[in-house]
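The structure appears right after this line, and notes come after that.
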Amino acid sequence: MKIGVLALQGDFAEHIVMLDRLGVETAEVRLPEHLDDLDGLIIPGGESTTIGKLSVDFGLFEPLRDFGRARAIWGTCAGAIFLSKDARRDQPLLGLMDITVERNAFGRQVDSFEADLDIEPLELATKTDAPYHAVFIRAPIIESVSGEAKVLSVLPDGRIVAAQQGHLLATSFHPELTGDTRFHEYFLSLVK
Ligand code: GLN
């Protein structure tokens, strides 16, 4: 199995470290041909407008869309925004997932926080029952899911922070910034 990490901007290096720890072959993706032999792709956190614009500039926008129609993609934070079909702003979006997001939904003052989440499919896939400790940094909220998209996790107040649509995954938070590899393992279970 070989997993790519979109490496145009943001914290792609941290995802590669997590995948290395799981013994998975990885590749940094900067050009369309880098997608060819991949089984799955992670789009990291960073700045979604920048990631979108650079994808267009590097000729990756349509290839990413085609990739996501057939193969697994996981977007974390800015990556989740880029996967969405609506971010209520004019910016390039892949529109692969039937989710609407609100960027920077936690406001400026409280722009980073951590929370323990119960994510049942992840616990089942990794045969564990400890809550998942999630790190949010200027995070978006998934305002709504529609069509084929399903809610995967919510905050205690009910706001959606993870969604799944078949082989596509979106998280508001940053599993690459914790020591816990379970979310990466869960993604790999979708790739297989
Ligand atoms: N605030 C960023 C955006 O809207 C996302 C932040 C992140 O990826 N940590 O694109």
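Ligands are counted one by one from 1 in listed order, and the atoms in each one are counted from 1 as well.
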Q) Mind checking whether L41 and L64 have side chains closer than 4.5 Å, heavy atoms only? A) yes

Q) What's the shortest distance from atom 7 (C) of ligand 1 to any protein heavy atom, and which residue and atom give it? A) C77 SG, 2.8 Å

Q | Contacting atoms of ligand 1, where contact means under 4.0 angstrom from a heavy atom of S48 | A | 3 (C), 4 (O), 10 (O)

Q) Can you tell if the side chain of L19 reaches within under 4.5 Å of the side chain of I42, non-hydrogen atoms only? A) yes

Q: Mind checking whether I81 contacts ligand 1 via backbone (N, CA, C, O), side chain (CB onward), both or neither, at a 4.0 Å heavy-atom cut-off?
A: side chain

Q: Check the surroundings of atom CG in D57: do more than 12 heavy atoms from other residues, nucleotides or ligands lie under 6.0 Å from it?
A: yes

Q: Could you find the nearest protein heavy atom to atom 2 (C) of ligand 1 and give me its residue, atom name and distance?
A: G46 O, 3.6 Å

Q) Should H174 be counted as touching ligand 1, given the test is an N or O pair under 3.5 Å? A) yes

For residues 90-99, dump all side-chain donor-acceptor pairs below 3.5 Å to protein atoms at least two apart in sequence or in another chain.
| unit_1 | atom_1 | unit_2 | atom_2 | d |
| --- | --- | --- | --- | --- |
| Q91 | OE1 | R103 | NH1 | 2.7 |
| Q91 | NE2 | S48 | OG | 3.1 |
| D98 | OD2 | E148 | N | 3.4 |
| D98 | OD2 | Q165 | NE2 | 3.3 |

Q) Should V161 and F136 count as side-chain neighbours, where that means a heavy-atom distance under 4.5 Å? A) yes

**Q.** For I137, atoms of ligand 1 separated by under 4.0 Å from a heavy atom
**A.** 6 (C), 7 (C), 9 (N)

Q: Can you sort out which atoms of ligand 1 are near E47, meaning under 4.0 Å from one of its heavy atoms?
A: 10 (O)

Q) Can you pull the ring pair (Phe, Tyr, Trp, His ring centres under 6.0 Å) pairs that have at least one residue in residues 13-46, sequence neighbours excluded? A) H15-W74, H15-H184

Q) atom 1 (N) of ligand 1: which protein heavy atom is closest, and how many Å away? A) N104 OD1, 2.7 Å

(Q) I need the nearest protein heavy-atom contact for atom 4 (O) of ligand 1: residue, atom name and distance, please. (A) R103 NE, 2.7 Å

Q: Under 4.0 Å from a heavy atom of G45: give me the atoms of ligand 1 that qualify, with their elements.
A: 8 (O)

Q | Mutual orientation of the aromatic rings belonging to F173 and F183 [parallel < 30°, tilted 30-60°, perpendicular > 60°] | A | perpendicular

Q: Could you tell me whether T49 and ligand 1 have an N or O pair separated by under 3.5 Å?
A: no

Q. Can you check whether V29 reaches F12 side chain to side chain, under 4.5 Å on heavy atoms?
A. no

